[in-house]
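Heavy atoms only: backbone and side chains are in, while hydrogens, waters and symmetry mates are out. We name chains A, B, ... by the order of the sequence lines, and we start the count at 1 in each one.
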2 protein chains.
Amino acid sequence: MSRTRTSIVDIARAAGVSKSTVSLVLQGSPLVNEKTREKVNALIGDLGYVYNRGAANLRQAKSKIIGIVVNDLTNSFFAELAVGVDMVVQSAGYVQFLAHSGESVDRQRQVIASMRENGIAGLILSPARGTEANDIKPLVDSGIPVVVVVRNLPGARVSALLSDNYAGAKSAVRHLVGLGHRRIAFMGGFLDTAVSADRVRGYRDAMTEAGIELNDNFIIHSAPSRAGGVAAVERMMVFAERPTAALCFNDAVAFGVCDGLRSNGIEPGKGFGVIGFDDVIEAKTAVPALTTVSVDPQGMGQRAAQLLLKQINAGQTDQETLVTSVRLVVRQSCGAPVRQLEEMA
Amino acid sequence: MSRTRTSIVDIARAAGVSKSTVSLVLQGSPLVNEKTREKVNALIGDLGYVYNRGAANLRQAKSKIIGIVVNDLTNSFFAELAVGVDMVVQSAGYVQFLAHSGESVDRQRQVIASMRENGIAGLILSPARGTEANDIKPLVDSGIPVVVVVRNLPGARVSALLSDNYAGAKSAVRHLVGLGHRRIAFMGGFLDTAVSADRVRGYRDAMTEAGIELNDNFIIHSAPSRAGGVAAVERMMVFAERPTAALCFNDAVAFGVCDGLRSNGIEPGKGFGVIGFDDVIEAKTAVPALTTVSVDPQGMGQRAAQLLLKQINAGQTDQETLVTSVRLVVRQSCGAPVRQLEEMA
DNA sequence: CTAATTAATTGGAACGTTCCAAATTAGTCA
DNA sequence: TGACTAATTTGGAACGTTCCAATTAATTAG
């Protein structure tokens, strides 16, 4: 309602002191006398003053905004990741600009440009499919720290936080083999992302390692979503010799596979072993509880944020690539005897 | 890497023109000569100039940032809502500050304060449980438009966008009654939110309307999550006379109920009718596909954003409360004969 | 060719903060 | 008390934009 927002000079005038002093109070400087500090703080409350961070940034060129753009917020993996980032970012006194690229490189470029204009101090990026190092080059050239998560961006001079997809896939397949499965499928995802490629590679290597002949039909690509999982099962059902278990590209696909199996009269975890990837929250409570390779999206978000903050504070932009290890969480869907390998949270 | 970011005067100097002219070009003013415009634009590209929106806001006091805070990003309902908001906000040239309150009123207060400092032009708020009108009073008093979504905030002078929970619950129960059910439960959610209260009220009224005696045991409160759904079923199983169908607080609970039923040897949609609420994306592809009251979170986000933008542009803050109607989407989980009432997308 | 228009351009003030060097006040010691 | 030091306080000058009034250049009319 107020014609013009009350500024630092308004409270300075009211307190009978200079704007510089008020500024000092605002920054909690020890230089200022206790009595004046109190007077100023009281006035700040009374006059309903709100700090203008924009003006401050203008002068000191260090904002308290960090940007995060994810390729698909609708996927709970990324939503959790964003929550993880938010937690640490917020408690470090920063605020988070979140945008969703919807897997569109164009849109991603737009939002990154927009974030730049708004003066972000750093960026966490889960790149849209098809993103190239060049897309973020101007940003990194300008010296703004960038941390890439989940999907790598080869050639870009940025830090990256990835999960060990290869090892995760391998251990999942080994576990299925250990349960006696030989005809094991890989379901969901396309080969257009490094994540997918790594998981498939892990699957392949584990199979050959176990002395099982690879059957290319058993790698069934489909959308990395619940619907994609259903579709993969449909395609599998026409095979003469069907798989007895599947490693899925992610948990969403795995849930879809369970759905698909059931509508074909097969009970997941009984007639067919299913393993997912990511360990989203629903994995634990689903029926049957999903055996999955735990990536801990929220923790990943936290680590990404910490890494970014470190770089922001350090000033220098020495890139580092962290591959976080993953672990297989055995629950019911793979058909393991329950007594075995209980999850240790 | 550049010592200091290149500004409007840098390109002015390079182009041999005044900073005012460059500013004019930036705003696409028709006042400037075509030739100079080209020259300036070229320089802008070459020198890697990036617009400083903060400085501009300082002068013109209208930012292009809109804030959105949701109580739980992890719930896909809210994630989709945020995506909806993002879509229209982004195409209107705004950018979105998104924060997640995690149902904590304190944190919510913090992030709203932070957003204010950063000069948001408006706020979309899905309030944390326990939020009061007073919590956002300073914000609305300062003249910043606020749109409250999903949960109302009685007493606050803000616009609200709610869904007709009462009518939705009623129509769901009527449908179950029409299928011949008499012992119908309401599962999930607590009575601490208006949303929950409205849905329960709709359930009660529809029951009495149908001449069915209310059994308070059949209202089974639990966490509004998948795990809560499982828990509700467990509690139900000990009843001597069990319900034959349930209306669930939301889709997450409904999925949990399906899980719980199955682990008790009951097949959802066959032995027991299940109806959810919200219509999140997974509802369609789940097995059995979930009959649910469609709220269309993404569309709701879009409408909320449009409403907010309207208020921002109009300047005046005349509050309006919109109750959007909902519709029952009949799929498999309620046990309806498939031929009946097919979904019309 | 001059005056009157119209089209382009331009300085400087302003926005709300921080920073710096300098000034003021208070406090201490001989 | 006077000189010296420590503790506070304070004017500007920045920061990068927009806005306004005013100036200059180009065009047209008479």
How long is the line joining CD1 of A:I11 and P of C:dG16, in whole Å?
12 Å
Per-helix bend value, the helix from C:dC1-D:dG30 to C:dA30-D:dT1, C1' rotation axes over five pairs per end, 10° rounding, shows 50°
Touch check for A:L26, heavy atoms < 4.0 angstrom, all strands: base, sugar-phosphate only, or nothing?
nothing
Please find the pair of heavy atoms, one from A:A121 and one from A:I144, that lie closest to each other, and give the distance.
O-CG2, 3.9 Å
A:H100 and A:D72, any side-chain heavy atoms less than 4.5 Å apart:
yes
Which nucleotide in the list C:dG16, C:dC19, C:dG12 gets nearest to the side chain of A:Q27?
C:dC19
What is the distance, rounded to the nearest whole Å, between atom CG of B:L31 and atom C1' of C:dT10?
13 Å
Please tell me if the side chains of A:E117 and B:K64 come closer than 4.5 Å, counting only heavy atoms from C-beta onward.
no
Any heavy-atom pair between the side chains of A:E320 and A:K310 that's under 4.5 Å?
yes
Contact class for A:S23 (heavy atom, under 4.0 Å): base, sugar-phosphate, or nothing?
base
Looking at C:dT10, D:dT10, C:dT9, which one has an atom nearest to any side-chain atom of A:T21?
D:dT10
NZ of A:K39 versus P of D:dT8: gap in Å, rounded?
14 Å
D:dT17, C:dG16, C:dT17: which one has an atom nearest the side-chain heavy atoms of B:I8?
D:dT17
Compute whether any side-chain donor of one residue and acceptor of the other, for A:S104 and A:Q108, lie under 3.5 angstrom apart.
no
Are side-chain heavy atoms of A:L162 and A:T324 found at a separation under 4.5 Å?
no
Between the protein and nucleotides 24-26 of chain C, which nitrogen or oxygen pairs are less than 3.5 angstrom apart?
none

Check whether the side chains of A:N71 and A:S126 place a donor and an acceptor atom closer than 3.5 Å, and report yes or no.
yes
Between D:dT17 atom C1' and A:E117 atom CD, what is the distance in whole Å?
13 Å
Strictly by modelled atom types, are B:Q27 and B:S23 linked by a side-chain donor-acceptor pair under 3.5 Å?
yes
Look at all strands and tell whether A:S20 reaches a base, only sugar-phosphate, or nothing, counting heavy atoms closer than 4.0 Å.
base
Residue pair B:I65 / B:Y94, side-chain heavy-atom distance below 4.5 Å:
no
How many whole angstroms separate atom CG of B:L24 from atom P of C:dA7?
15 Å
Out of C:dT17, D:dT8, D:dT17, minimum distance to the side chain of A:N33 belongs to D:dT8
When you measure from the side-chain N and O atoms of A:Q60 to the phosphate of C:dT17, is any distance below 4.0 Å, counting only OP1 and OP2?
no
Gap between atoms NZ and P, on A:K19 and D:dG11 respectively (whole Å)
8 Å
Ranking D:dT10, D:dC19, C:dG16 by distance to the side chain of A:S7, first place goes to C:dG16
Could you state the atom-to-atom distance from NZ of A:K64 to C1' of C:dT17 in whole Å?
16 Å
Tell me which residues in residues 43-59 of chain B put a heavy atom below 4.0 Å from DNA chain C, sorted by number, or none.
B:L58, B:R59
Taking the side chain as C-beta and beyond, is there a heavy-atom pair between B:V69 and B:L98 under 4.5 Å?
no
Residue of the set B:L24, B:D10, B:V9 for which side-chain contact (heavy atoms from CB on, under 4.5 Å) holds with B:K19:
B:V9
A:V150 and A:F78, any side-chain heavy atoms less than 4.5 Å apart:
yes
To the nearest angstrom, how far is A:E34 atom CD from D:dT9 atom C1'?
16 Å
Is B:S18 close enough to C:dG11 that one of its side-chain N or O atoms is under 4.0 Å from OP1 or OP2 there?
no
Do B:V158 and B:Q319 make a side-chain contact, defined as non-hydrogen atoms from C-beta onward lying under 4.5 Å apart?
no
